[in-house]
Number of protein chains: 2
Amino acid sequence: MVCMDIPHPIPEPLVGLIAQRFRVIGDPMRIRLLDTLRNHPATVGELVDAVGGSQQNVSKHLGVLHQAGIVSRTKEGTAVRYAIADASVFALCELVCGGIRQQAKDLDAILQATGTGR
Amino acid sequence: MVCMDIPHPIPEPLVGLIAQRFRVIGDPMRIRLLDTLRNHPATVGELVDAVGGSQQNVSKHLGVLHQAGIVSRTKEGTAVRYAIADASVFALCELVCGGIRQQAKDLDAILQATGTGR
DNA sequence: TCGGTGCACCACTCCTCGGTAGTACAATGG
DNA sequence: CCATTGTACTACCGAGGAGTGGTGCACCGA
């Protein structure tokens with residue numbers, strides 16, 4: 001409803017861009033980073049301590065998110081502070097969660113109908 | 001805003017599920033298939049003719065989408081008709097398109113400010 | 001029986017992910 | 001002023017998974 005002007009034959013380059021965007025978000029480590037940044041901006045060290053993993057790996061994932069324009073980077077002396085730049089990712093996550101919940105509900109209904117005993 | 005009951009420390013299994021969901025959608029071929037199915041349900045043959053690619057590949061991608069609960073499968077005589085089962089994917093695409101558009105706008109503004117002549 | 005449609009298995013290729021090593025920059029102490 | 005420390009980024013490498021194409025098979029209708 002926000003931008004309904006997407007023609008049904010989606011132009012090819014746009015397809016690639018959309019796929020890339022989904023791929024960027026479709027990583028557990030990056031989702032954890034975004035979830036941590038949701039509360040407040042944080043430096044790389046803080047994020048390493050929050051989500052676990054090596055500093056290089058976290059830095060790399062942050063670079064991916066920054067290149068995709070999802071997070072912003074700000075130098076603070078010797079540290080770098082990252083913050084959410086595109087809050088729409090949380091709306092995306094909530095939509096996905098809704099889909100997962102619906103799917104779980106359907107699955108549960110099927111189990112109930114089939115009979116819980118196997 | 002739909003399901004705000006996602007705690008900030010997202011439980012680990014949910015992170016994996018969300019990432020998997022995004023990954024399923026984050027493929028150009030599957031996006032094309034979903035875009036084709038947006039108009040009306042179609043059989044594998046029709047989809048092969050619409051999006052291009054081998055029949056096996058299309059069938060496999062449809063299997064992935066079906067397993068993820070995004071499309072539904074209905075036997076119709078000798079053919080199988082696929083249809084959208086979770087319309088929220090289009091909302092996802094529109095959100096992503098909005099983010100891409102915003103990013104392009106920002107980039108254009110930067111170019112305008114810096115001076116077009118590099 | 002024959003033709004068509006869709007699926008399952010297989011091997012190949014490519015991309016992504018994580019780890020390691022090395023480098024640049026700022027702050028601090030002598 | 002120079003050396004040291006801490007922080008963050010980049011480059012390279014190996015392992016693993018996902019995507020792609022090919023072959024063969026099962027199913028359904030004519």
Side-chain angles (χ1 to χ4, degrees), chain A residues 12-13 15-37 40-85, chain B residues 12 15-37 40-83 85:
Chain A
E12 287 307 305
V15 170
L17 284 175
I18 296 172
Q20 188 182 5
R21 196 88 168 193
F22 277 120
R23 243 173 222 280
V24 167
I25 311 175
D27 185 89
M29 172 76 76
R30 292 198 272 268
I31 290 180
R32 255 175 265 144
L33 287 172
L34 290 173
D35 183 52
T36 306
L37 287 175
H40 50 73
T43 65
V44 177
E46 294 169 353
L47 290 170
V48 168
D49 192 51
V51 306
S54 67
Q55 183 270 327
Q56 290 87 341
N57 199 18
V58 170
S59 182
K60 194 182 303 185
H61 283 292
L62 285 171
V64 173
L65 289 171
H66 179 251
Q67 191 170 3
I70 299 177
V71 300
S72 64
R73 173 189 291 175
T74 310
K75 289 205 64 175
E76 261 192 19
T78 173
V80 174
R81 187 162 295 269
Y82 283 90
I84 297 291
Chain B
E12 287 306 307
V15 170
L17 285 175
I18 296 173
Q20 187 182 5
R21 195 88 167 194
F22 276 121
R23 242 172 222 281
V24 167
I25 312 176
D27 185 88
M29 173 75 78
R30 292 198 273 266
I31 290 179
R32 274 192 291 265
L33 288 171
L34 291 173
D35 183 51
T36 306
L37 288 175
H40 50 74
T43 65
V44 177
E46 295 170 352
L47 291 170
V48 167
D49 192 52
V51 307
S54 65
Q55 184 269 331
Q56 297 88 335
N57 200 13
V58 170
S59 183
K60 191 177 302 186
H61 282 293
L62 285 171
V64 173
L65 289 171
H66 179 251
Q67 191 171 5
I70 299 177
V71 300
S72 65
R73 173 188 295 175
T74 310
K75 290 205 67 176
E76 259 192 21
T78 172
V80 173
R81 187 162 295 270
Y82 285 89

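Quick note on labels: first sequence line is chain A, next is B, and so on, each numbered from 1.
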>> Within the structure provided, determine whether A:Leu34 and A:Val71 are in side-chain contact (heavy-atom separation under 4.5 Å).
In response: yes
Whole-Å distance, A:Arg81 CZ to D:dC9 P, equals 13 Å
note: A:Ile25, atom CD1; C:dT16, atom C1'; distance rounded to Å ~ 17 Å
Contact string for nucleotides 15-30 of chain D, one letter per nucleotide 5' to 3', B = base within protein heavy-atom range under 4.0 Å, S = sugar-phosphate only, - = neither, reads ----SBB-B----S--
Presence of A:Tyr82 side-chain N/O under 4.0 Å of D:dC9 phosphate oxygens OP1/OP2
yes
Of B:Asp27, B:Ile31, B:Val51, the one forming a side-chain contact (heavy atoms from CB on, under 4.5 Å) with A:Val15 is B:Ile31
Notebook entry, point to check: Between A:His61 and A:Asn57, is any pair of side-chain heavy atoms under 4.5 Å apart?
Noted result: yes
Without swapping roles, check the side chain of A:Arg81 against the backbone of A:Pro41 for a donor-acceptor pair under 3.5 Å. yes
* Would a distance-only check, ignoring hydrogens and angles, find a side-chain to backbone donor-acceptor pair under 3.5 Å from B:Arg32 to B:Leu47? -> no
Whole-Å distance, B:Leu47 CG to C:dT5 P, equals 14 Å
request  = Using a 4.5 Å cut-off on heavy atoms from C-beta on, say whether the side chain of A:Val64 contacts that of A:Ile70.
outcome  = no
